[in-house]
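These numbers were taken from a predicted model, which means no experiment stands behind them. Residue numbering restarts at 1 for every chain, and letters A, B, ... go by the order of the sequence lines.
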Amino acid sequence: MPSLTYRLRRANLNRIESILALALIFGVIASMTDVLIGDRGLNTVYMGTVVDIFLRGMYLSLYITTASFALGLGIGFLVGWIRTTRTVPFKRLLRDFRLTSADASSHASSQYLLFGLSIVWTGLKYVVRRIMDGYVEIMRGTPLFVQIFFVWSIFIVFLTRMPERDLLAVLLAMTINTGGYQGEIFRGGLQTVHSGQVEAARALGLSRWRAMRYVVLPQTLRLITPPLTNEYIGLLKASALAFYFGVQELTYYAKQEAFSGHVFEAFILTSALYLIVTFTLAKVITMIERRYRIPGLGIQQAPAAGKLSRKETAASG
Amino acid sequence: MIRVEDIHKHFGALHVLRGITLDIARGEVVVVVGPSGSGKSTLLRCVNLLVEPDEGRVFIDGVHVNTPDIRPEWVRQQVGMVFQSFNLFTHLTAVQNVTLGLIRVKGTDKDAAEKRGKELLARVGLAAKADAYPAELSGGQQQRVAIARALAMDPKAMLFDEPTSALDPEYIREVLDVMTALAREGMTMIVVSHEMGFARGVASRIVFLDEGKVLEEGPPEEVFAHPKNERTRAFFSKILR
């Protein structure tokens with residue numbers, strides 16, 4: 001067990017480390033800019049005048065990203081959950097039917113109805129699960145740019161006169177994209193939670209949904225916070241693609257201003273804005289994670305917990 | 001109190017339970033022994049329907065429970081269960097583990113549940129550990145919290161699935177003590193365990209299971225001293241020292 005002072009020192013070191021790293025990055029960027037455009041000089045006055053509209057663009061970028069991310073969270077949870085459920089094999093349904101119908105032969109017609117329903121239900125679950133598998137594969141396997149184009153084309157052709165058409169098209173495309181990715185994150189997270197946890201919850205009399213809500217999900221969310229943060233940051237950067245479809249987010253203004261002759265100023269300002277957001281977000285999430293950390297859950301395990309989980313695997317094997 | 005009637009269970013091609021009939025009276029403590037793979041855990045799980053038997057009937061307090069008319073969640077509130085690997089909810093403290101069922105299943109309000117939770121933790125000797133997370137507890141402590149968690153639902157009977165076999169030797173005693181106290185208070189218990197001292201001292205009946213069938217059953221003195229069946233004798237000669 002590392003001592004408290006050691007851990008404190010370690011935390012301080014991390015803080016100093018990250019400040020140093022940031023300083024270094026800005027240093028490198030600054031000197032590179034100097035080498036590249038030193039004799040031209042950066043027009044800081046100009047940068048000051050455009051920062052306002054850039055911030056407005058940033059606001060829209062954040063809006064698109066956050067909205068699609070939040071919607072994707074719901075989709076991701078459902079997709080992940082469905083993809084982890086097991087379906088009853090057809091053979092077992094048939095056998096159960098034989099057993100129950102032997103039990104109460106007098107209610108033959110209602111038995112057949114029940115059997116028919118259970119087959120339809122199982123078939124439906126199977127089909128839905130396969131569709132989810134396909135959905136995730138398509139989202140992962142094709143470029144987001146192409147996906148946005150696809151959705152946008154549908155909007156162009158069928159919803160020509162819709163207000164905010166381009167924005168909505170991009171938003172929808174990004175939502176289904178991140179939904180697929182988050183589905184995969186949720187699937188991994190849900191599968192990491194030990195099956196004994198569900199069994200214990202069910203043994204207490206919790207329904208399937210409540211076991212999910214009060215036992216599995218709280219653990220899953222803690223486990224998948226880092227990959228979800230990654231996904232959000234990735235999505236924010238990907239939202240830059242929206243400029244191509246006329247959505248006036250940060251990159252849109254960057255391009256516009258760059259074409260007005262201030263190439264370096266525009267892109268430096270844009271990069272800085274993106275970086276400030278992603279960096280702050282990552283730090284805030286890490287803080288939250290540390291605040292809500294639970295011993296024995298996730299990767300930052302205390303040594304005592306490590307010993308326990310080894311014993312557990314030995315016992316269940 | 002609990003009756004299983006000719007239950008069968010298959011896992012794929014494996015025929016795990018081959019027609020088991022057992023009658024457990026109120027206040028009885030039945031210890032189930034048998035070689036690994038004999039179906040002991042499956043039998044326990046059939047009682048609270050964590051595993052649904054393929055054939056046969058399960059009765060709790062005279063109510064036929066493995067029918068579509070009865071919600072398995074209701075059955076599980078009647079019968080508490082303690083697992084080999086404790087399965088405490090990792091993200092909850094000891095007292096939260098105990099109160100989860102009260103709050104989310106029984107709808108008890110938070111304060112009352114917490115009060116009851118602390119009482120139960122005190123009963124298993126862990127009043128001081130109420131706010132500790134499972135990873136901060138020893139195996140024996142975790143298992144005692146698990147017992148308190150099951151007791152919180154006021155079960156009519158308790159199932160123990162090898163409650164001490166995942167424990168380091170120094171922690172076995174404290175768990176068995178809690179179980180013994182529970183038995184003395186008149187709790188109906190089915191215990192899968194190879195703790196022969198516990199079986200001898202507390203069990204009203206030993207059931208020997210092999211290949212999914214009950215080979216022998218009777219009071220501990222009788223089964224241990226004069227096993228009638230050859231396989232029972234061979235098994236006991238291996239585990240009794």
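Between B:Leu92 and A:Ile294 there is no side-chain heavy-atom pair separated by less than 4.5 Å. Contact check for A:Gln219 versus B:Thr90: side-chain heavy atoms found under the 4.5 Å cut-off.
Panel note: side chain B:Asn87, backbone A:Gln197; no donor-acceptor pair is recorded below 3.5 Å. A donor-acceptor pair under 3.5 Å is formed between the side chain of B:His91 and the backbone N or O of A:Tyr214.
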Ignoring hydrogens and angles, write down the donor-acceptor pairs under 3.5 Å from the side chains of residues 124-131 of chain B, residues two or more places apart or on other chains.
none

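For residues 30-41 of chain B, the pairs satisfying side-chain hydrogen bond (donor to acceptor under 3.5 Å, both in side chains) are B:Ser41-B:Asp161, with sequence neighbours left out.
Counting heavy-atom pairs under 4.5 Å between each of B:Arg45, B:Arg104, B:Met153 and chain A puts B:Arg104 at the top. Highest contact tally toward chain B, considering only A:Pro218, A:Ala203, A:Ser207, A:Gly196, is held by A:Ala203 [criterion: heavy-atom pairs under 4.5 Å]. Annotation: maximal heavy-atom pairing with chain A below 4.5 Å, among B:Glu162, B:Gln77, B:Arg149, occurs at B:Arg149. Heavy-atom pairs under 4.5 Å with chain B were tallied for A:Arg222, A:Arg202, A:Arg208, A:Arg213; the largest tally goes to A:Arg202.
Classification of A:Arg210 and B:Glu73 as a salt-bridged pair fails, no side-chain N sitting under 4.0 Å from a carboxylate O.
Put simply, CE on B:Met81 and CG on A:Leu204 are 11.5 Å apart, with the number rounded to the nearest 0.5 Å.
Contacts of B:Phe89 with chain A are made by both backbone and side-chain atoms, with heavy-atom separations under 4.5 Å. With a 4.5 angstrom heavy-atom cutoff, B:Val82 does not touch chain A via any of its atoms. No part of B:Arg71 comes within reach of chain A, as not one of its non-hydrogen atoms sits under 4.5 angstrom from that chain.
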